[in-house]
Amino acid sequence: MTKKIKLSELGSLFGGDIEALEGVKIEGDVEIDLGQLGLNPQMAYALGHETAQMAFHLMNISRILGYPVDQIGGAAAPQPKKLSKLIESKFSVGKIEEWKTPIQEVVLGATSSDGGSRKSTVTLGGEGSLPYYFDSPMPHRNHITMDVFDMPINMAKAVKSNYEDVINSPAEWAKKVVRDFGADMVTIHLISTDPNIKDTSPADAAKTVEEVLQAVDVPIVIGGSGNPEKDPAVLEKAAEVAEGERCLLASASLNLDYARIAEAAKKYNHVVLSWTQLEINAQKELNRKLMKQCGVARENILMDPTTAALGYGLDYAYTNMERIRLAGLTGDTELNFPMSSGTTNAWGAREAWMVSSPLKEDSDWGPREYRGPIWEIITGLTLSLAGNDLFMMMHPGAVHVLKEITQTLYGLKETEPVNIDNWVSAVI
Amino acid sequence: MKLNSPLQVYKFLPQINCAECGDATCMAFAAHLIDRSKKLEDCPPILKDEYKKKYLELQTLLAPEIREIIIGKGERARKIGGDDVLYRHQLTFFDPTAFAYDVWDTMPENELVERVNKISNFRKFYVGKFLTVDMVAVRCVSGDAAKFAGAVKKVSEITKLPLILCSLDPAVLKSGLEVVKDKNPLIYAATEKNWGEVSELALNYKVPVVLFSQDLDKLKSLALTFREMGIKDLVLDPGTYPQGKQLKETFEKFIKLRRAGIKEAQKDIAYPIMAVPLNAWAVYKDAVTASYWETVLASVFTVRYGDIMILHSLEPYAMLPEVHLRDTIYTDPRTPVKVAPGVNEVGTPTKDSPVIVTTNFALTYYTVESDLSSNKINCYLAAVDTDGIGVEASVAGGQLTAAKIKDNFQKAGFDFKEKTSHNTIVLPGLAARLQGDVEDATGLRVMIGPPDSGRIPGWMEKNWPPKPK
Ligand code: SF4
């Protein structure tokens, strides 16, 4: 008697576990002649003792047909049997061995014992792994420096409402962000020095820096106007009046006289922010020039590889930072420096400030006062996961939430344990 | 995937260079298989019987490290998993994180319908496409199987989105499955307690299933056990704690699972991972705070290895950053940053239409272009070669200058005298400081547009056509 079995039944015969047949489209059923077994296959299967032999034959047949049966698992392949007990198992995973070169530690600010007048300092860097990874605990938490401007500027409404009372006084503005908004540091942006804005002289701008240093006792960042011709002179003068305070000079870049800024940092004991535009190789080049050509010590360099807002190039900014951090950890000593992000750039995204979508096709964007801060938070948070250490920010609410999440992942936040076993049936 | 050079792939290909795949040689095609820009099925010869063995072998070897599973049926069915790398710059991430928003079976019907429609209809235009969300998770809050089935039925009637059926009670899951058994829903969840019955459901209904345990040993046990029973479409939920040290541990579990799956090729746990940012609502009751924190959790696990997640807040200020960040992380980093420099027509410009300048940074260019076309503004749009840098940065960095702008129109053969009646050029608001230089370099009348192209329609109403001097 000739028994035939359809190929599509092979599975059930073997126990439904033919991984190698997955994805194979069986077009029309091929029939396999089982006559030579002299047995009803179902019967043989039930009897058990013939299983091995039959499977062997079937595998041969399958092989002739060109199916990769080697991975079927032989005759021992189990049927979809009902297991009554969980298969015991232990999960384990290794650490990343390639992360051998830790990130440089950089101290911002100097106390009186170190020739400055700050009450506290901020230490960045020192990581031996990607941020918050278990491979090697992060030695220092992320820090936030809040923006202060030396003249009133255009700001999104949601930001502006926090600063209306201090907008004409950089010193009061600086006090407010430290006292009320929990800023770890203050950035004084000397934007009025731009020849196209007010062309404030370096000497006058330096006075503003002195006022801010007197108003607060946290470390500060000194930012220029972004004008490449003017910035070196402005930062040089500011560095001079802030001598010994270990301020962060923002920024040295390839399109201005970075050597002059580096020189000022060396002479007056400050840290240089090495700023490039979304280009890992340019970042390497500038860092190398600062070290080799200008003689800036490693512990006086911080990098700003450029922050683009969520939806406006954050993918480049994120991956650029992640690549820089991974290169630094795996031995590139021209890139293993702490990083800083101009997270405030998030406010350039129209989603952060526009009343509603300019496109009729979009779903409703909802109230903008809630969109802006979260745009700043998520832009910063994403970069924190890529390895960013210092965040330059603007909105107090955004600062609060970014601190909460980065410090949670860092391990500083103790809370009551929550039970999530039954989240499925929670009433929200 | 198990292969890492085109040569290894080449060995399995027909090696006849027939070019049917669109590549000149089998070797070139092999390179596309390695970078996953083409599928094996794009080579017609290898699908023939004579190559069947090699086809099947190659298919196994090319399979991604993280199992790819499908949820739902039809046009909105969604693949998750499928990843081969830990960092996006190493290749790209595949199958963007699926966002499921919850509904529950104790909702009044009108609210349920409204909520499902909100989820299904959400969309945000971005760089030539709409960002949308993917699934509806139906939670059983009532504990009543019939009630749950009723909710599942209602939801499945009004949306084509795939469903996740959520209950730890197998009887409840079964009643839901009966309603949508032909729709390939994902069921949530098998646990240490209920896995026996839930595995039966997964087998009988042939649906993907989530395994839920905060203990990674147990999670792996569950995965091994289900696999042994022939259930392969698994999703792992290691539990998403919303705060404190527990959240830090959750973060570490996601890293561990994905590292084991990709770097160490531990097949036993190489499945998609689920995050539940919805748990933010367990600690924050105020809607704004909870929505913010939920978005924060969603973002952490969009960046670090969540393949699917269950969310609650439908506030635009939560959904907009969520879908944008997902796009950020899953956009293929291999696609060019720049568009070709030149002068392009938007709509059907005439001599009276404005000539607007932007940069060739793809994001900037597409944003401006969609603002113009969506508002039916006919014009010429110049993409100036700034090495793919946006307006503000390229003005600061010297990549956008008067000379570059002049050069761009010259190279494109764009003659203002012939093409326009107004001899005027519109610069982006963020390039206002170039106004004088551009006037000098080109002799054109230079107008300054708004700092954001979304405001061009309003700007046009006020400023266009330009008033005669
Ligand atoms: S279609 Fe297949 S056989 Fe033909 S060239 Fe391409 S890879 Fe080679």
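Each chain gets a letter, A, B and so on, in the order its sequence line appears, and its residues count up from 1.
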Relative to chain A, which of [options] shows the most heavy atom pairs under 4.5 Å?
| options | result |
| --- | --- |
| B/Leu224, B/Asn279, B/Thr240 | B/Asn279 |
| B/Glu315, B/Gln246, B/Glu192 | B/Gln246 |
| B/Tyr330, B/Trp281, B/Trp293, B/Phe361 | B/Trp293 |
| B/Ser453, B/Pro457, B/Gly458 | B/Ser453 |
| B/Gly397, B/Ser291, B/Gly239 | B/Gly397 |
| B/Glu252, B/Glu322, B/Arg433 | B/Glu252 |

Applying salt bridge (charged side-chain N to carboxylate O under 4.0 Å, His left out), run through B/Lys220 and B/Asp217 and close with a yes or a no. CA-CA 5 Å; B/Lys220 187 175 169 192; B/Asp217 292 338; over 6 Å; no
When heavy-atom pairs shorter than 4.5 Å are enumerated against chain B, which of [options] gives the highest number?
| options | value |
| --- | --- |
| A/Tyr312, A/Tyr318, A/Trp375 | A/Trp375 |
| A/Pro417, A/Pro358, A/Ser363 | A/Ser363 |
| A/Thr382, A/Leu326, A/Asn196 | A/Leu326 |
| A/Asn255, A/Leu278, A/Ile96, A/Leu314 | A/Ile96 |
| A/Ile420, A/Thr415, A/Asn419 | A/Ile420 |
| A/Glu414, A/Gln407, A/Glu416, A/Lys90 | A/Lys90 |

Below 4.0 angstrom, N of the basic side chain to O of the carboxylate: do [X] and [Y] qualify?
| X | Y | value |
| --- | --- | --- |
| B/Glu264 | B/Arg259 | no |
| B/Arg123 | A/Glu361 | no |
| A/Glu97 | B/Lys263 | no |
| A/Asp364 | B/Lys118 | no |
| B/Asp452 | B/Arg455 | no |
| B/Lys256 | A/Asp135 | no |
| A/Glu351 | B/Lys124 | yes |
| B/Lys253 | B/Glu249 | no |

Between [X] and chain A, with a heavy-atom cut-off of 4.5 Å, which part of the residue counts as in contact: side chain, backbone, both or neither?
| X | value |
| --- | --- |
| B/Tyr126 | side chain |
| B/Asp371 | both |
| B/Val288 | side chain |
| B/Gln399 | side chain |
| B/Ile456 | neither |
| B/Asn121 | backbone |
| B/Ile269 | side chain |
| B/Cys140 | backbone |
| B/Ile329 | side chain |
| B/Val283 | side chain |
| B/Phe130 | side chain |
| B/Leu131 | neither |
| B/Gln243 | both |
| B/Gln214 | side chain |

Determine whether the aromatic ring centres of residues B/Tyr188 and A/Trp423 are separated by less than 6.0 angstrom. yes
Around atom NZ of A/Lys403, are there more than 12 heavy atoms from other residues, nucleotides or ligands closer than 6.0 Å? yes
With a 4.5 angstrom heavy-atom cut-off, is it the side chain or the backbone of [X] that approaches chain B, or both, or neither?
| X | result |
| --- | --- |
| A/Leu359 | both |
| A/Asp194 | side chain |
| A/Ile377 | side chain |
| A/Leu86 | both |
| A/Ser92 | backbone |
| A/Ser253 | neither |
| A/Asp421 | both |

Report yes or no: is the cationic atom of A/Arg141 (NZ for Lys, CZ for Arg) under 6.0 Å from the centre of the six-membered ring of A/Tyr410, at an angle within 45° of the ring normal?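 Output no; distance or angle outside limits.
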Check whether A/Glu376 reaches the backbone of A/Trp347 with its side chain - one donor and one acceptor, N or O, closer than 3.5 Å. no
Where do A/Ser356 and A/Arg368 land on the side chain to side chain donor-acceptor pair (under 3.5 Å) test, with the steps shown first? CA-CA 8 Å; A/Ser356 58; A/Arg368 65 169 158 174; over 6 Å; no
Determine the interplanar angle of the B/Tyr292 and A/Tyr370 rings, folded into 0 to 90°, and report it as parallel if under 30°, tilted if 30 to 60°, perpendicular if over 60°. perpendicular
Angle between ring planes, A/Tyr133 versus B/Phe251, binned at 30° and 60°: parallel, tilted or perpendicular?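 Ring orientation of A/Tyr133 relative to B/Phe251: perpendicular.
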Establish, from distance only, whether the side-chain atoms of B/Thr367 and A/Arg350 form a donor-acceptor pair under 3.5 Å.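 Judged by distance alone, the side chains do not pair up.
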Side chains of A/Ser129 and A/Ser136, donor plus acceptor under 3.5 Å: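 No pair is found: no donor N or O on one side chain lies under 3.5 Å from an acceptor on the other.
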So which of A/Ile280, A/Thr319, A/Asn388 actually passes side-chain contact (heavy atoms from CB on, under 4.5 Å) with A/Ile324?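 In the set A/Ile280, A/Thr319, A/Asn388, the residue that makes a side-chain contact (heavy atoms from CB on, under 4.5 Å) with A/Ile324 is A/Ile280.
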